[in-house]
There are 2 protein chains.
Amino acid sequence: MEPADDGPEVLDEAAPGHADADHLDYLSFIDHAIGRATAERPDLDAAAMRMVLTLHRLASTVVYDLESTVHRPSGWTWPGFRLLFVLWLAGPMEAKRAAELSGTSRAAVSALANTLERDGLLGRRRDTLDRRSVRLSLTTAGRASISAAFGAHNAREQAWADTLTDDELATFNRLLDKLIQGPQATRANRRF
Amino acid sequence: MEPADDGPEVLDEAAPGHADADHLDYLSFIDHAIGRATAERPDLDAAAMRMVLTLHRLASTVVYDLESTVHRPSGWTWPGFRLLFVLWLAGPMEAKRAAELSGTSRAAVSALANTLERDGLLGRRRDTLDRRSVRLSLTTAGRASISAAFGAHNAREQAWADTLTDDELATFNRLLDKLIQGPQATRANRRF
DNA sequence: TCAGGATGATTAAATGTTTGACTAAATGAG
DNA sequence: CTCATTTAGTCAAACATTTAATCATCCTGA
C-alpha cells in the first residue's frame, strides 16, 4: 500500500476542538461526537443523534458477542443463524417470505441458502403449483443444530438483559416496541 | 440451482404450531417467535429474547433507512460513512485508533480506507516516528462531503426520535446508556 | 547489541450484503 | 387465446466483514 504523498488537499493537522480526542474509546466517543457536532452545528438534534448512535453501537456489540461466543464456535454465521431461526419458528416457507421475515433481500436469501444447503442444514424444493417459487425447509440436522445453539444464545441474551432491573427491562422493551411499530419503521421496511 | 430431491431428511411439513404462521410480517414475527420458542422450551427467558430480537431489528431498520435514503444516494456506504464520521469528529488518527473508535477490526479499516482513498475522501500517511503506523485524515473533499451529508442524516435521526415523547426519549437514551456501559458490553468489545 | 517477541498494517480466503440485470413462469386485458 | 406485464428466483459486480497468516518495524532483556 502506497503512502499518500501528503498533497496539500489533505487536512493533516487536527482542527481546533480535537485536542481532547486522545483518551477516547468506543464508548466515550459517543459523548465526544455529540459535543463536537453540536458545537460546530448548533441546529443538530443532540438527543436524536445520541439515540441512533447508541442504538447502533449497542446492537452491533450484542450481535458481535452472540456471533463470536455462540455461533462462530458452532461453525456458522449470524446471517445463517437468522435464516434458520425463521424457518425453525415459522416452519417451511417460500424464499420470498423468508426474506421478508428475516429482513433481507431475496438475493441475499438465495445466496445464503446456497451455503446452508451445501452444509446440509436446509433443503430447497421447487413448488409444484407455482413453479417460479422455491420452498425452504430445515433438514433434521438443521433443526437439531439450531435447537442446540439456541440454548446458549438465549443464555447470552439473558446476561445482557440482566444489566437492567425488571422494571427497566419492561420499559426498554416497551419503548423498543413503540419505535419499531411507529411510522418511520413502517415507512422504512421496504427492502422488496 | 438444482431443486432438492425431497429426500427423507427434509422436514417438509410444517410442525404442529406453525398453523398460524401465514399472516406474519417482519414485525409480528417477533411475537410469534417468542411464543413458539417458549412453548417448545419453557426454560427460555422470553423478556431477554424480546429485547435482543427487537433491538437488532430496530437497529437494522434504522441503519437501512439512513443508508438507503441518505448515504447511498450520495454515492457512499454506511461503513464508509462510519469511518469518515469518526475522522470528522475526532480528527486525524492512526488506523488502529480508527478501528477502535468505529468498532471494527483493523483489517476492515484497511480495506475500507482503500475505497475511500480511491474516491479522494481520505488520505493515508506513514508515521515518521513509528514507521509501522499509518495516519488517516480527511481530505477537504471528504470533510465537505460528510459535513453536507450529516444534515440529512440528522434530519432522519430526528424523525425517528420524534416517535417517542421527550420523556420517553430521555428514558430510552438512559437505558441504552446503561446497557452499553454495563459489564456485558465491556466484556464483549474485544475485536482487537 | 541483538535475538526473540510484541505490535501495526496488510493480504488472503470465505461469507454475506446491496442494487440491478436477467430468466422463467404466472397473470390479465383485450 | 395471446401478448404485455408482473413476479420469484438467481446471477453479476461492487463492497464490506471476519479470522488467520504474513511482513515490517519496534521494543526488551540478557
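Naming: A, B, ... by sequence-line order, numbering from 1 per chain.
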query: Just how far, in rounded Å, is C1' of C:dT7 from CG of B:Asp127?
result: 14 Å

- request: Could you check A:Thr128 against A:Thr115 and say which one's nearest nucleotide on DNA chain C is further toward the 5' end?
  value: A:Thr115

message: Output the rounded distance in Å from NE2 (A:His71) to C1' (C:dA14).
response: 19 Å

statement: Between B:Ala95 and A:Gly80, the residue closer to the 5' end of DNA chain C by nearest nucleotide is B:Ala95

message: Counting only side-chain nitrogens and oxygens, does A:Thr104 get under 4.0 Å of the OP1 or OP2 atom of C:dG16?
response: no

- request: In whole angstrom, give the distance that lies between atom CG of A:Leu121 and atom P of C:dT15.
  value: 12 Å

Short side-chain N/O contact to D:dA8 OP1/OP2 from A:Ser133, under 4.0 Å: no

- request: Report the distance from atom CG of A:Leu136 to atom P of D:dT10, rounded to the nearest whole Å.
  value: 8 Å

- request: Mind checking the OG1-CZ spacing from B:Thr38 to B:Arg36? Nearest 0.5 Å is all I need.
  value: 9.5 Å

- request: Take the protein atom CZ of B:Arg126 and the nucleotide atom C1' of C:dG8, then report the distance between them rounded to whole Å.
  value: 8 Å

- prompt: Between atom CE in A:Met93 and atom C1' in D:dG9, what is the gap in whole Å?
  reply: 17 Å

- request: Answer yes or no: does a side-chain N or O of B:Ser105 lie under 4.0 Å from OP1 or OP2 of D:dT18?
  value: yes

query: B:Trp76 CH2 to C:dT17 P: how many Å, rounded?
result: 24 Å

- request: Please determine if a side-chain N or O atom of A:Arg106 lies less than 4.0 Å away from the OP1 or OP2 oxygen of D:dC11.
  value: no

field: Neighbour count >12 (heavy atoms, 6.0 Å) for atom CG, B:Asp166
entry: no

- line: B:Leu84 atom CG is separated from D:dC15 atom P, nearest whole Å, by 14 Å

- prompt: Per the atom types in the model, does the base of C:dT7 pair as donor or acceptor with the side chain of B:Arg132 at under 3.5 Å?
  reply: yes

- request: Please tell me which of the listed nucleotides, C:dT10, C:dT17, D:dT10, lies nearest to the side chain of A:Ala111?
  value: C:dT17

message: Heavy-atom nearest nucleotide on DNA chain D for B:Ala108 versus B:Asp119: which residue maps closer to 5'?
response: B:Asp119

- prompt: Is any side-chain N or O of A:Arg125 closer than 4.0 Å to OP1 or OP2 of D:dG9?
  reply: no

- prompt: Does the distance from a Lys or Arg side-chain N to an Asp or Glu carboxylate O, for B:Arg135 and B:Glu94, drop under 4.0 Å?
  reply: no

- prompt: Of all the choices, C:dA9, D:dG9, C:dA25, which nucleotide is nearest to the side chain of A:Asp130 once you look at every atom?
  reply: C:dA25

field: Nearest-nucleotide pick for A:Lys96, side chain only, options being C:dT11, C:dG20, D:dG9
entry: D:dG9

message: Can you work out whether A:Glu94 or A:Arg72 has the more 5'-proximal nearest nucleotide on DNA chain D?
response: A:Glu94

Result of checking A:Leu136, A:Val109, A:Leu101 against A:Val86 for side chain to side chain contact (heavy atoms under 4.5 Å, CB included): A:Leu101

message: Please tell me if A:Arg131 has a side-chain N or O lying less than 4.0 Å from either OP1 or OP2 of C:dA26.
response: yes

- prompt: Can you tell me if A:Ser133 and A:Asp130 form a side-chain donor-acceptor pair at under 3.5 Å?
  reply: no

- request: Tell me what B:Leu129 touches on the nucleic acid: a base, only sugar-phosphate, or nothing, going by heavy atoms under 4.0 Å.
  value: sugar-phosphate

message: Using a strict threshold of under 4.0 Å (side-chain N to carboxylate O), is an ion pair present between A:Arg82 and A:Glu67?
response: no

A:Arg118 side-chain N/O to C:dT15 phosphate OP1/OP2 under 4.0 Å: yes

message: For D:dC15 and B:Thr77 - does any side-chain N or O of the residue sit under 4.0 Å from the phosphate oxygens OP1/OP2?
response: no

